[in-house]
J.: 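Take this structure, written in structure tokens, and hold onto it; I'll ask about it next.
The residues of the chain are indexed from 1 along the displayed sequence. Values in this document were obtained by computation on a predicted structure and should not be read as measured data. Every number for a ligand or one of its atoms is a count from 1 in the order of the listing.
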Amino acid sequence: MPTKRVALVHYHEIGLKGKNRSTFENQLVANIRRTLEDMPVEHVGRISGHVLVTLRDDSALAECADILGKVPGVARVSRAFKCPRDEDEYCAAAVAALAEFGDFESFKVHAHRSNTDYELHTLDINRLVGEVLCEAYPDKKVEMHGPDAQVNVLVIQGDVYVYAASERGVGGLPVGTAGKVVPLLSSGFDSPVATWMVGRRGAVCVPVHFSGRPMTSDTSEYLCQDLIRQLAPSGCVGRLYVVPFGECQREISLAAPQSLRIIMYRRLMYAVAERIARLEGAKALVTGESLGQVASQTLDNIAATDEVVSMPVLRPLIGSDKQEIIARAKSLGTYEICCETAPDCCTLFMPRRPETHARPAEVAAAWDTFDHDAMVERLLASAEYVDFGNCPSYRPPRSTRPFHHELAPAFPER
Ligand code: ATP
Ligand code: MG
């Protein structure tokens with residue numbers, strides 16, 4: 001068997017999960033298979049603490065490695081050579097591995113055996129490969145502490161894997177190992193990042209977007225779909241619900257005191273999102289709020305909105321600065337999409353001076369100026385959904401099984 005190119009996927013947190021380890025590893029393998037569906041992949045399988053991806057076309061390795069690095073649960077991806085246990089072959093692979101590493105002045109060899117039936121000890125392998133590399137790169141230095149490049153030689157079962165090029169992945173846990181959540185997704189910078197963050201921790205995400213329709217255009221609905229497609233390599237979003245919210249906002253703006261409008265909109269959004277979460281079997285809501293970022297994100301206002309739901313509301317960005325959130329949005333590629341301005345319900349019927357420290361009694365009184373329970377039912381009845389086929393562990397609720405590529409009514413029977 002000649003030397004082949006493979007991607008070697010490393011993970012670490014999974015190792016900590018004791019008995020659950022194989023469930024986590026199987027989920028990671030399933031997610032990787034789905035993510036690489038359109039790539040020339042021959043096989044994805046587990047080998048001794050790694051996931052191994054073999055290719056039908058070596059030239060696709062760099063692209064595959066890039067995609068793999070975005071899959072939650074992947075700590076590191078190495079572009080490796082898979083060789084037989086043949087000294088000449090794996091030494092030649094080591095020379096090639098170092099050649100594609102990029103610039104370096106110093107290097108070392110690190111050998112590891114997961115099978116002890118190979119006659120050479122790791123020290124022997126280090127020496128053997130090291131000598132060949134010194135000959136091939138006479139002007140480079142061997143450096144045992146902090147070298148620029150490390151050539152790894154892993155003996156696993158009957159094969160030897162050799163690599164130097166290795167990139168960090170996003171880390172986290174495989175999607176599907178942490179249950180299901182419902183993020184409130186606007187077309188702003190924060191909520192797509194918040195969605196991705198809980199997805200990276202293994203949660204299947206089923207976002208809900210409240211659009212200004214029919215009072216505004218449906219542009220924000222399409223921006224949300226673009227955002228989800230941009231997050232596709234993470235495989236964390238199964239489905240998007242869209243709720244046309246404009247008419248209810250208009251009614252609230254006529255009934256409730258101006259300064260409390262935003263809190264009223266938020267409470268209604270939370271209440272609807274919680275109902276969708278229950279239908280979906282999701283166990284928490286997620287928002288992109290960050291403490292004090294805007295008027296509605298003070299502790300008093302957060303408390304005033306949380307009051308209407310009994311589910312936990314996760315706020316992964318609560319302690320993040322805008323700059324950090326924007327940096328993450330840029331690295332995820334969601335930033336550019338969010339820069340396209342779309343009127344959504346956020347821009348509709350906004351008060352001139354929103355309340356920053358809502359008092360519970362006033363909030364309760366404002367909440368009763370309109371029939372919020374009937375509104376929740378109406379909003380649910382008008383909800384629509386669209387499915388994204390990139391989350392292998394997403395299971396839709398029985399009542400909404402059919403797959404839709406375009407927005408379709410979610411609960412027509414209501
Ligand atoms: P974002 O950038 O996520 O829009 P923001 O800084 O604009 O956040 P707010 O508008 O106060 O902040 O929204 C706070 C959170 O409420 C958002 O992060 C999001 O989770 C949720 N949210 C706001 N508007 C909507 C919407 N139209 N549909 C769904 N969720 C929303
Ligand atoms: Mg917003």
J.: Ignoring hydrogens and geometry beyond distance, is a side-chain donor-acceptor pair present between E89 and T3 at under 3.5 Å?
T.: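 Yes - a donor-acceptor pair under 3.5 Å links their side chains.
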J.: Which atoms of ligand 1 sit under 4.0 Å from any heavy atom of E289?
T.: 14 (C), 15 (C), 18 (O)
J.: Out of Y270, F210, F189, F245, whose heavy atom is nearest to atom 28 (N) of ligand 1?
T.: F210
J.: Regarding atom 4 (O) of ligand 1: of the candidates P183, G188, S186, which has the closest heavy atom?
T.: S186
J.: Run the side-chain donor-acceptor check on residues 189-196: report pairs under 3.5 Å with partners two or more places apart or on a different chain.
T.:
{"residue": "D190", "atom": "OD1", "partner": "K322", "partner atom": "NZ", "Å": "3.3"}
{"residue": "D190", "atom": "OD2", "partner": "K322", "partner atom": "NZ", "Å": "3.2"}
{"residue": "S191", "atom": "OG", "partner": "S186", "partner atom": "N", "Å": "2.9"}
{"residue": "S191", "atom": "OG", "partner": "S186", "partner atom": "OG", "Å": "3.2"}
{"residue": "T195", "atom": "OG1", "partner": "S191", "partner atom": "O", "Å": "2.8"}

J.: Is L317 in contact with ligand 1, taking contact as a heavy-atom separation below 4.0 Å?
T.: no
J.: Would you kindly say whether E274 and S310 are connected by a side-chain donor-acceptor distance under 3.5 Å?
T.: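 Yes.
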J.: Name the option, out of D190, V243, L184, that contains the heavy atom nearest to atom 30 (N) of ligand 1.
T.: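 Of the listed residues, L184 has the closest heavy atom.
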J.: Consider every N or O of R266 and every N or O of ligand 1, then say whether any pair is closer than 3.5 Å.
T.: yes
J.: Should one rank E221, M269, H209, Q297 by closest heavy-atom distance to atom 14 (C) of ligand 1, which comes out on top?
T.: Q297
J.: When rounded to the nearest 0.5 angstrom, what is the spacing between CG in L154 and CD1 in I156?
T.: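 Rounded to the nearest 0.5 Å, the CG-CD1 separation comes out at 5.0 Å.
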J.: I'd like to check which ligand 1 atoms, numbered from 1 as shown, lie under 4.0 Å from a non-hydrogen atom of G288.
T.: 17 (C), 18 (O), 20 (O)
J.: Which atoms of ligand 1 sit under 4.0 Å from any heavy atom of V208?
T.: 29 (C)
J.: Between E25 and R21, is there a salt bridge with N-O shorter than 4.0 Å?
T.: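 E25 and R21: salt-bridged.
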J.: Quick one: do D306 and R315 make a salt bridge, cutoff under 4.0 Å?
T.: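 Judged by the 4.0 Å cut-off on N to carboxylate O distance, D306 and R315 do form a salt bridge.
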J.: Quick check on contacts: which atoms of ligand 1 are under 4.0 angstrom from a heavy atom of T287?
T.: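 Matching atoms, with element in brackets: 20 (O).
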J.: Is a side-chain donor-acceptor pair under 3.5 Å present for Q27 with T177?
T.: no
